[in-house]
Amino acid sequence: MEDLTQLPSGPYELFEALVLAARLVPPGRAISYGGLAGLLGAGGPRQAGAALSRAPDGTPWWRIVRADGSLPARLSARAASHYRDEGTPMKGRSGRTALGQDDSAHLRVDLARARWDPDEVQLAVLAELRHRLG
């Protein structure tokens, strides 16, 4: 995880704040789109999803998921290797089915076990992001 304790100067548009907040989520953890927006007290799941769809390279978009732990099918297969590398707790099957078909489109993060709870430093960064929202 990059050091975001020294934030770039603000104010921020909601898009920028959501992307910076997503970068706080550590490997192996996840939060829902709505949960991320809720931490900023602005926007909602749609705004978080839109922000992450336009986020710059290096943003861990796979750590922000739907409320059921899934991602859109077009992203799920790309996220599978990240989940595996980070040891993210998953629900159900992943990888290949018995017939050899790719089952990665059905991956779901187990949010009960993987949910990100920001620590004190991360909460302070989130508070500063909320303060700098334009």
Side-chain angles (χ1 to χ4, degrees):
M1 182 178 65
E2 66 187 285
D3 179 19
L4 286 175
T5 56
Q6 301 298 317
L7 291 169
S9 60
Y12 300 114
E13 297 294 324
L14 180 58
F15 160 83
E16 296 169 302
L18 286 163
V19 168
L20 288 168
R23 290 180 174 199
L24 292 170
V25 181
R29 296 287 171 225
I31 191 168
S32 69
Y33 293 112
L36 185 69
L39 289 171
L40 292 178
R46 289 182 188 266
Q47 289 81 11
L52 289 168
S53 73
R54 301 185 339 239
D57 289 343
T59 302
W61 52 267
W62 59 92
R63 297 178 191 155
I64 317 304
V65 297
R66 294 174 175 155
D68 69 356
S70 70
L71 283 171
R74 71 185 189 290
L75 297 176
S76 191
R78 289 179 43 211
S81 64
H82 293 290
Y83 294 146
R84 199 171 28 256
D85 293 346
E86 295 180 1
T88 306
M90 305 300 292
K91 280 187 171 182
R93 297 180 303 179
S94 64
R96 302 222 170 245
T97 65
L99 299 176
Q101 297 171 322
D102 190 357
D103 194 33
S104 58
H106 303 289
L107 290 177
R108 286 192 320 152
V109 171
D110 185 342
L111 279 175
R113 294 187 304 144
R115 187 173 320 275
W116 172 52
D117 291 315
D119 62 24
E120 289 183 28
V121 172
Q122 294 164 335
L123 287 171
V125 173
L126 290 164
E128 185 61 24
L129 287 171
R130 277 192 304 275
H131 177 72
R132 293 190 194 183
L133 273 173

Using the test side chain to side chain donor-acceptor pair (under 3.5 Å), find all partners of D110 that sit at least two apart in sequence or belong to another chain. R113
With P56, which residues qualify under side-chain contact (heavy atoms from CB on, under 4.5 Å), at least two apart? V19, R23, T59
Please tell me if the side chains of L39 and P118 come closer than 4.5 Å, counting only heavy atoms from C-beta onward. yes
Between A50 and S53, which heavy-atom pair has the shortest distance, and what is it? O-OG, 2.7 Å
Nearest non-hydrogen partners of W62 and Y83, listed with the distance: O-OH, 2.8 Å
D68: partners by side-chain contact (heavy atoms from CB on, under 4.5 Å), with sequence neighbours left out: R66, S70, R108
Pair listing, side chain to side chain donor-acceptor pair (under 3.5 Å) test, anchored in residues 124-134, at least two apart: Y12-R132, E128-R132
Give the minimum heavy-atom separation between V25 and R63, together with the two atoms involved. O-NH1, 2.6 Å
Smallest heavy-atom separation, T88 atom then G28 atom, equals OG1-CA, 3.5 Å
By side-chain contact (heavy atoms from CB on, under 4.5 Å), A42 pairs with (sequence neighbours left out) L14, L133
Once you round to the nearest 0.5 Å, how far does CZ of R29 lie from CD1 of I64? 13.0 Å
Measure from the side-chain N and O atoms of S76 to the backbone N and O of A73, and report whether any donor-acceptor pair falls under 3.5 Å. no
W116: partners by side chain to side chain donor-acceptor pair (under 3.5 Å), with sequence neighbours left out: Q122
Give the minimum heavy-atom separation between A22 and L52, together with the two atoms involved. CB-CD2, 3.7 Å
Is there a side-chain contact between V109 and K91 (heavy atoms, below 4.5 Å)? no
Quick one: side-chain contact (heavy atoms from CB on, under 4.5 Å) partners of A37, sequence neighbours excluded? L18
Please name all residues satisfying side chain to side chain donor-acceptor pair (under 3.5 Å) with S32, sequence neighbours left out, ordered by chain then number. none
Less than 4.5 Å apart, any side-chain heavy atom of L71 and any of Y33? yes
